[in-house]
Structure formats: structure tokens, C-alpha cells
Number of protein chains: 2
Amino acid sequence: MTRTARAPLSRERILDAAVAIADAEGLAAVTMRGVAQQLDCEAMSLYYHVKDKAQLVTGLVEVIIDEVIATTLDNPPGGPQAGDWRDVVRARCLGARHVMLRHPWAPPLVANADQVPPNTYRVFEALVATMIEAGFSYDLAHRAIHAIGSMILGFTQELFDPNVDTDELSDDELAALAGAFPHLGAIAASQPHDAAQSLSVCDTQAEFEFTLGLVLDGLDALRPAV
Amino acid sequence: MTRTARAPLSRERILDAAVAIADAEGLAAVTMRGVAQQLDCEAMSLYYHVKDKAQLVTGLVEVIIDEVIATTLDNPPGGPQAGDWRDVVRARCLGARHVMLRHPWAPPLVANADQVPPNTYRVFEALVATMIEAGFSYDLAHRAIHAIGSMILGFTQELFDPNVDTDELSDDELAALAGAFPHLGAIAASQPHDAAQSLSVCDTQAEFEFTLGLVLDGLDALRPAV
DNA sequence: CAGGCCGATCTTACAACGTACGATCTGCCT
DNA sequence: AGGCAGATCGTACGTTGTAAGATCGGCCTG
């Protein structure tokens, strides 16, 4: 009746466990003792492989970025990239968004990481390379990176919070709101509200692709012809 | 030697104190006991005016949004809005960005707020109204809101983290990085790095205005003529 | 003026967290 | 067998959010 030996701890196993917890119960549930329990060990054992909790969180970002790299650079879905630069960049953005959709806790972490893990640079380097090949100046490429990055990471807010609408407000207050904000009411009324695979009620795939196209076309118009 | 009577607690005074702490020492320093100390009272006294810490944080968002409303809607710098819709929207965006620059901890909070305070709707309602007057469809206005919102809130990341460069890496490792990411190196080299009034090293005013113009012009091109 | 009532504040206490410090265990080399 | 070093654990402390109830102070009523 010897207890089955556990697999040895490692930074990778720890990060995987943390990601699993974050996916299942949210980022706030990622705690030292919680991760340890998931790995059937004590909290203090983690510290041999991870400096402290801040670095564990940075590690989470690293895992997500690795996932982005795997699905957009190392083996992109439609084979190697070719054709218009916009199609290449668009495919990568949609891939990155897919990863974020699988890990809804990630965008704020990535956007607000105090320490940027080095693999992040690979993503940006690839994007800049594609743009430079398409005739971009470094300055324009830099600005493009910012525009694209803030799109992928910022597309998370809930404009019309369902909690507020359903729970805490009476019908009277709701009607008052609709009266005070007629335009927003009109927008909300015209929404399909099929929030199945989206980060928020009004963050649908079509909308993301629209804004993405807007930015990419705008950049393309500013690009010196090649 | 009677102790000078303290001003009575109130939700507003509590929120103001919390904002002051966040501005001075960062969001992590906003703690129940800390806020209480600032107000010369005990931590538990706050709970009479604020439900719990989550609602206190929501209150912080509320304060920031109020500041945005005050500086962009109630008394905008250049008098009431007129002229091209892009100029109106641009002025409001720059005003909102100004507020965020004064409270660098705010963007992630606003972007990730679990509960959207109602005054947020006023900002969006005003933006949509301006666009509808300019001939936008509700659908286009909705998408525009998303594009603009993610710009203002997402423009915060540090692409090239100064901590990494200066501290933890040896010169060899630094050279290796520069070799692995030549394009990023070129961009970094061409940067002025006067990060005085910006949220991050490569988040300058000019760059923000560039991306903003890109989005606004793109939207304008899609707008039905009036 | 006495008594009581109620909104506002405080005291105490507890669970959960991150983690410093040192003890312990385990496999390998001599 | 002896010991050495890498890996894991036990204990304990400070800090956090907050539940439960005690206490204060001003105002109204009798």
C-alpha cells in the first residue's frame, strides 16, 4: 500500500496547474496553497521552483504568450504566411484573440504585466518583420504595433453589464436608465446577444474583425508603395 | 486640549482618500486600514458607507469617470463642441487620456471592472449621440465605441521594459537580445525616450494621437454622407 | 431635565493569504 | 557506511478583508 509517487515538481508543472486553476475558477483563485494542493504538495515547495507569487503570475503570461506563438508563428493554421501583409497580420491577430478567448483572465494580465516575459518580443518582432517587408517605416510599424496590441488586449470590456440590468435594478430604474440613454438603448436593442464564444456581450467576433480591418486598412493606406 | 473633531465620514470622503492613496503609492496600497488611517478612523468604520472592498474599487472607477465627464462634457476646454465630428470625439478622447495620465492605475481598473458604474453610460451616450448626428448608423457607432474604448484603455503596455534592460540582464544577454530581435532593436534605437508625461516609454502623446486619427479617419470613410 | 432611540463608529476576533526560516527527506557519489 | 546536495516540508509571523457585537453621541420625546 505504498503511496503512488508523485511526479517531481517543476516550474512548468506549476505554471500548468496555475493556468488550469485560473481557467476553471478565475485568476483570484490562483493561490500558492491552491496550486500546491492541485499538485499534491505543500505551498512552500513551490518556492524552490518559483521565486514568489509575482513571478508565478509573470509565468502565467509567459505560458499564454507561448500559446500565441505556437498557434500563430510556429504552426499557423493555414500553412506559412503569404500574400498581402494585412492577411498575415490579420490571421495572427485572430489567432491571438482565440487564445485570449480560451483564457479570459489573461488580457488584463498581459496588458498590465510589470515584467514583460522575453517571449513577448518574438511576437512583436515577427509582426514588425512582416510590416517592414511590406514597405513600412520603423516608425509606422511601431505605431501599428501599439494600435494592434491595444486592440487585442483592450477588447474585453463589458459595455452593458448584464448583472446590473438583471439583478440590482428595479424595473422603474431600468426604464429611467433607458430614458436617460436613448442611443445606448437603441444599440442594446439591436444586439443579437449570442455571447457564446465571446469575452463580453458586445464583443463578438464580427465586431473584432471589423475594427481590426479598420486599423489594418488605415495603416495600409499610409504605407509607401513597394 | 480637546481633540479637534474630525469631519464626518462619507462615501465621497472615503473615495477621495482612496484615490489619493492610489495616486501616491499605487493601487496595491489601497487597503481598508490604509484608507481608514488617512481619514483618522478605524477600518471597520468604512463599512458603514461602503459595502466592501470590491465596491470601494468600483467607486474608484466612478470617481475617474466623473473626472472624465467633468473635463470632456460638462465644461470642455475649448467651449462647446462644434464642427467635424472627428474633432469633437478627438477632443474628448484626449481629455479622457489626460485623466488616465493623472491616474495611471485607472485604465486596467476601468477596462476590467466587474461592475460598470452608471456614469460610464453618460460618456458613451454622448459619443454615440455625436456620431449619430454625423450620420452614423447605430451599428457603426457601436463598433466605433469599441474601437475608441480599447484605444484609450489599452494604451498602457510597456513594450520595452526598462527594468529588464537595465537591471537583471548582463551586457552579453542584452547583446544577444538585440541580435535575436533586430527590428525591435531598430525601433528602440529610434525612440526619443522622454517618458515624462506618458504612461510608458513608447506611449507618447504623438503616438496616441496618430492611432486615434487612424481610427477616426477610417470610421469617417465608412460614414454615409449627410 | 431624564430617558431612550438610532445612526455612526469602534473593538475584538478569525480565516485566508504570501512567505521567512530552518528542519527534513531522498537519491547519488565516494 | 558516510555524507553531500538538491528537493520538499512544518511552523510561524505579518497583513489583508470582514463578521459580530459593543459603544458612542446627538436628538426627540415624555
Side-chain angles (χ1 to χ4, degrees), chain A residues 1-63 105 108-109 112-115 168, chain B residues 1-62 105 108-109 112-115:
Chain A
M1 194 161 167
T2 53
R3 198 151 299 141
T4 66
R6 298 160 305 179
L9 252 40
S10 73
R11 182 179 142 88
E12 193 186 335
R13 261 168 53 79
I14 291 173
L15 291 182
D16 286 349
V19 168
I21 292 177
D23 284 345
E25 308 170 54
L27 188 61
V30 175
T31 187
M32 290 294 141
R33 296 182 227 256
V35 173
Q37 189 172 3
Q38 181 105 354
L39 295 169
D40 194 28
C41 72
E42 298 303 313
M44 290 313 291
S45 307
L46 305 177
Y47 284 85
Y48 187 82
H49 306 273
V50 167
K51 182 176 167 295
D52 55 15
K53 197 194 171 184
Q55 287 224 354
L56 193 157
V57 172
T58 303
L60 290 188
V61 175
E62 205 180 313
V63 171
W105 45 268
L109 264 196
N112 210 238
D114 44 330
Q115 208 83 337
E168 304 194 6
Chain B
M1 193 160 165
T2 52
R3 200 151 299 143
T4 65
R6 299 160 304 178
L9 253 39
S10 73
R11 182 181 143 89
E12 193 187 336
R13 261 169 52 79
I14 291 173
L15 291 181
D16 285 349
V19 168
I21 293 178
D23 285 344
E25 308 169 54
L27 187 61
V30 175
T31 187
M32 291 294 140
R33 295 181 227 260
V35 173
Q37 189 171 4
Q38 180 104 354
L39 295 169
D40 193 29
C41 72
E42 298 304 313
M44 290 313 291
S45 307
L46 306 177
Y47 284 85
Y48 187 82
H49 305 273
V50 167
K51 182 176 168 296
D52 55 13
K53 199 196 170 183
Q55 287 223 355
L56 193 157
V57 171
T58 302
L60 290 189
V61 175
E62 205 180 313
W105 45 269
L109 264 197
N112 209 238
D114 43 330
Q115 208 84 336

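Atom set for the values below is all heavy atoms of this structure, side chains included, hydrogens, waters and symmetry mates excluded. Residue numbers begin at 1 in each chain, while the letters A, B, ... track the order of the sequences.
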Between A:Arg11 and A:Gly59, which heavy-atom pair has the shortest distance, and what is it? NH2-CA, 4.2 Å
When rounded to the nearest 0.5 angstrom, what distance separates [atom1] in [X] from [atom2] in [Y]?
| X | Y | atom1 | atom2 | value |
| --- | --- | --- | --- | --- |
| B:Leu109 | B:Asp114 | CG | CG | 9.5 Å |
| A:Thr31 | A:Gln37 | OG1 | CD | 10.5 Å |
| A:Cys41 | A:Leu9 | SG | CG | 4.5 Å |
| A:Gln55 | A:Glu62 | CD | CD | 9.5 Å |

Tell me which donor-acceptor pairs under 3.5 Å the side chains of residues 14-29 of chain A have, and how far apart each pair is, sequence neighbours excluded?
| from | atom 1 | to | atom 2 | distance (Å) |
| --- | --- | --- | --- | --- |
| A:Asp23 | OD1 | A:His103 | ND1 | 2.7 |
| A:Asp23 | OD1 | A:Trp105 | NE1 | 2.7 |
| A:Asp23 | OD2 | A:His103 | ND1 | 3.1 |

Would you grab the first and last nucleotide of DNA chain D (5' to 3') that comes under 4.0 Å of any non-hydrogen atom in chain B? D:dT16 to D:dA20
Contacting residues from residues 13-36 of chain B, given that a heavy atom lies under 4.0 angstrom of DNA chain C: none
Mind checking what makes salt bridge (Lys or Arg N to Asp or Glu O under 4.0 Å) contact with A:Arg13, not counting sequence neighbours? none
First of A:Ser10 and B:Lys51 reached from the 5' end of DNA chain D, by closest nucleotide: A:Ser10
Quantified as the angle between the terminal helix axes (five pairs each), what is the overall bend of the helix from C:dC1-D:dG30 to C:dT30-D:dA1 to 10 degrees? 30°
Contact check, side chains of A:Asn112 and B:Asn112, non-hydrogen atoms, under 4.5 Å: no
Can you check whether A:Met32 reaches A:Leu56 side chain to side chain, under 4.5 Å on heavy atoms? yes
Where chain B begins and ends its contact with DNA chain C, read 5' to 3' at 4.0 Å from heavy atoms: C:dG7 to C:dT12
